[in-house]
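Below is one structure, written out as C-alpha cells, with a few remarks after it.
Note on naming: letters A, B, ... go to the chains in the order of the sequence lines (proteins, then strands), and numbering restarts at 1 for each one.
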There are 2 protein chains.
Amino acid sequence: MTITVDLVLLTIRGGQLQVLLIRRGIPPFEGAWALPGGFVLDDEDLDDAAARELREETGLEPRHLEQLATYGTPGRDPRGRVVTVAYLALLPDLPSPVAGSDAAGAAWRPYDDVAAGGLAFDHDRILRDGIERARSKLEYTPLAAAFCPPEFTIAELRGVYETVWRTRIDARNFHRKVTGADGFVEATGGTAIRDRGRPAALFRRGPATLLHPPLMRPAVGNPLAGADDIR
Amino acid sequence: MTITVDLVLLTIRGGQLQVLLIRRGIPPFEGAWALPGGFVLDDEDLDDAAARELREETGLEPRHLEQLATYGTPGRDPRGRVVTVAYLALLPDLPSPVAGSDAAGAAWRPYDDVAAGGLAFDHDRILRDGIERARSKLEYTPLAAAFCPPEFTIAELRGVYETVWRTRIDARNFHRKVTGADGFVEATGGTAIRDRGRPAALFRRGPATLLHPPLMRPAVGNPLAGADDIR
DNA sequence: TGAATAGTGTCTATAAGACAATATCGG
DNA sequence: CCGATATTGTCTTATAGACACTATTCA
C-alpha cells in the first residue's frame with residue numbers, strides 16, 4: 001500500500017476563510033482542484049512529511065500543524081490502494097499568495113466557493129473534516145492566534161472567530177473574556193491604528209494551550225448535530 | 001509500506017479503567033504486552049479493519065469505535081516500515097473477560113498498572129493518547145454511556161466519570177445536570193436496586209451526540225497542560 | 001467637533017456547586 | 001425504626017450576554 005499526506009491549509013484573507021488548493025495537471029481528476037499533498041518518503045516520519053509538503057507549497061515553516069485523520073477507503077484513488085494521512089495547518093494571511101510554491105496551479109480559494117464539492121479524490125470530505133476541526137478547536141484552545149500575525153489586536157482576533165464561526169460576537173464581551181483568560185494573549189505594550197478610531201493595544205499569543213473555560217460558539221440549534229462516531 | 005490497525009479498547013471493571021492487552025508470543029517484543037491489532041486487508045476499509053479486529057478480539061460488535069490517530073515513525077516496528085492507524089473503542093463491562101478472543105494471551109489490565117510503560121512498539125504512547133481522548137470526549141459528548149450496559153442508573157453513569165476522570169462528583173448536582181441535558185439520557189421507566197437504598201430509575205442513552213454546554217472536569221491546575229500540537 | 005473604533009463598567013439571566021431535605025428501599 | 005442510596009429543592013457564587021459609558025484617534 002502507498003502512504004501519502006494531504007494538507008488542509010487554512011487562512012483568512014479579505015474576511016473570508018480560504019483554503020490552499022492545487023489544480024491538477026495530470027489524470028486522474030485532471031483539471032480538478034485538490035488538496036496539496038504528496039508521498040511519504042521511505043525513511044520519513046508522517047509529521048515530517050507534512051511539514052515538508054507545507055514548506056514546498058507555501059515556503060513557510062509550520063506554525064500550527066496537527067494531524068487530522070487518515071483516509072483509506074479502497075477505491076478512493078483510482079490508481080490503486082492509497083492511504084492518506086491528512087494534516088491541518090492554520091496560517092496567517094501571507095504577503096504573497098503562495099510564495100515558493102512548487103505547484104504551478106496553487107491558489108487560495110474561499111471555502112464558501114469550494115464547500116459545495118467538486119474536489120478530486122475524497123478531498124471534499126477531508127476539507128470538511130478539517131474545517132470542522134478548526135471550528136471546534138477555536139472553542140477550547142487559543143488556536144485562533146495561529147491565523148494572526150505575531151502581533152495582533154483583539155479586534156483582529158475577534159475577526160478570526162467571526163469568520164471561522166460565521167457569527168457576530170460582541171466586541172466588548174469578547175475583549176473582556178480574551179484578556180481575562182489566563183495565558184491566552186499577552187500585551188506587547190505597543191499599539192497600532194488599524195483603521196480609524198482609537199489605537200488598539202497589540203498582543204501576542206500567550207503560553208496557554210487550553211482554554212478553561214472554553215469560548216463557546218452559540219449552541220447549534222438541535223443537540224443531534226456533529227455526529228463523529230465511526231466514519 | 002505496511003498498514004495496520006491497533007485498538008485501544010477501554011472498559012470499566014471493578015471501579016477501574018482497564019485496557020485490553022495481548023501478550024506477544026513471538027518476536028519482536030516477545031513476552032511483552034501490546035495493544036490488539038493486525039494488518040489491513042488489501043481491499044478493506046480502515047474502519048472495517050478496526051471493527052473486524054474488535055470482533056476477533058472480543059466477539060463483540062462495535063458500540064463506539066472511532067479513529068484515534070496514525071503513527072508512522074520510521075523504526076517504530078523493527079521489522080520494517082509499518083504505519084498503524086489507531087482506533088479507540090469504549091465497551092461496557094463484559095460478562096466473560098475476553099469472549100471469543102483469538103489471541104490466547106488477551107487480558108484486561110488496569111490502566112494504572114500499565115500507565116508506567118513497558119508495552120511493545122510505541123503502544124505506550126498510543127494508549128496514552130487514547131486515554132486522553134476518552135477523558136476529553138466525556139466532557140462534550142454523551143460517550144460515557146458507551147461504558148455502560150444498555151440500561152443503567154445515573155449513579156453508574158456518574159461512576160464512569162469518576163473513574164475516567166479520577167475525580168469525585170457531587171451525586172445530586174450530577175443527577176440534575178445529566179437528566180436536564182437535552183438528549184443525553186432517556187428514562188426507560190424501569191427501576192433497579194443496585195446495592196442498598198432506594199431503587200434507582202433506569203435510563204438508556206439518548207439521541208444527542210454533543211453536549212451543550214459540556215460537562216467540565218475541574219480546571220487542570222495550570223493552563224499550560226495538554227499541548228497537542230504537532231507530535 | 002464628529003465619526004469611528006477601543007476598552008471599561010454595570011446589570012440581568014443562567015448555570016455551577018454546596019448542601020439541606022425528602023423519598024424509598026432492605027433489614 | 002435505621003442505614004443507605006436516590007432524587008428534588010434551595011441558596012450562593014460565578015459566568016455569559018446585553019448594553020451604557022468613557023477614551024482616544026483622524027478628519
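For the pair B/His175 and D/dT7, the criterion of a side-chain N or O lying under 4.0 Å from OP1 or OP2 is met. An OP1 or OP2 oxygen of D/dA16 is reached within less than 4.0 angstrom by a side-chain nitrogen or oxygen of A/Lys177.
Residue B/Ala171 is classed as having no contact, given no heavy-atom separation below 4.0 Å to the nucleic acid. Using a 4.0 Å heavy-atom cutoff across all strands shown, A/Arg196 reaches sugar-phosphate atoms only and no base atom.
One atom, CD1 of B/Ile169, and another, P of C/dA18, lie 11 Å apart when rounded to the nearest Å. We find that CZ of A/Arg176 is positioned 10 Å from P of C/dT8, with the value rounded to whole Å. Look at CZ on A/Arg168: it is 16 Å from C1' on D/dA18, rounded to the nearest Å. Taking atom CG on A/Leu157 and atom P on C/dA6, their separation rounds to 13 Å, with Å as the unit. C/dA15 atom C1' lies 15 Å from atom CG of B/Leu211, rounded to whole Å. Between A/Met216 atom CE and D/dG17 atom P the separation is 9 Å, expressed in whole Å. Note: CZ (A/Phe174) to P (C/dT5) measures 17 Å, nearest angstrom. Distance, B/Ile193 CD1 to D/dG3 C1': 14 Å, rounded to whole Å.
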Dump the intermediate steps for side chain to side chain contact (heavy atoms under 4.5 Å, CB included) on A/Leu143 and A/His64, then the final yes or no. CA-CA 8 Å; A/Leu143 205 54; A/His64 177 82; 3.2 Å; yes
Apply side chain to side chain contact (heavy atoms under 4.5 Å, CB included) to residues B/Lys177 and B/Arg172 and explain how you reach the verdict. CA-CA 9 Å; B/Lys177 201 161 176 176; B/Arg172 300 158 291 185; over 6 Å; no
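For residues 149-170 of chain B, the pairs satisfying ring-ring contact (aromatic ring centres under 6.0 Å, His included) are B/Tyr161-B/Trp165, B/Tyr161-B/Phe174, with sequence neighbours left out.
Out of D/dA16, C/dT24, C/dG7, the shortest distance to the side chain of A/Ala201 is found at C/dG7. Here C/dG7 is the nucleotide among C/dG7, D/dT7, C/dC19 with the atom lying nearest to any side-chain atom of A/Arg172.
Direction of the helix axis in the helix from C/dT1-D/dA27 to C/dG27-D/dC1 shifts by 10° between the two five-pair termini, rounded to 10°.
Side-chain atoms of B/Tyr71 and B/Asp6 include no donor-acceptor pair closer than 3.5 Å. Under the 3.5 Å distance criterion, with hydrogens and angles disregarded, a donor-acceptor pair is assigned to the side chains of B/Thr73 and A/Asp45.
If B/Asp170 and B/Pro214 are placed on DNA chain C by their nearest nucleotide, the residue sitting closer to the 5' end is B/Pro214. Closest-nucleotide positions on DNA chain C for B/Asn173 and A/Ala155 were compared, and the one nearer the 5' end corresponds to A/Ala155.
Between A/His175 and A/Phe203, the two ring planes are perpendicular [angle over 60°; tilted spans 30° to 60°].
In this structure a side-chain-to-backbone donor-acceptor pair under 3.5 Å is present from B/Tyr87 to B/Asp47.
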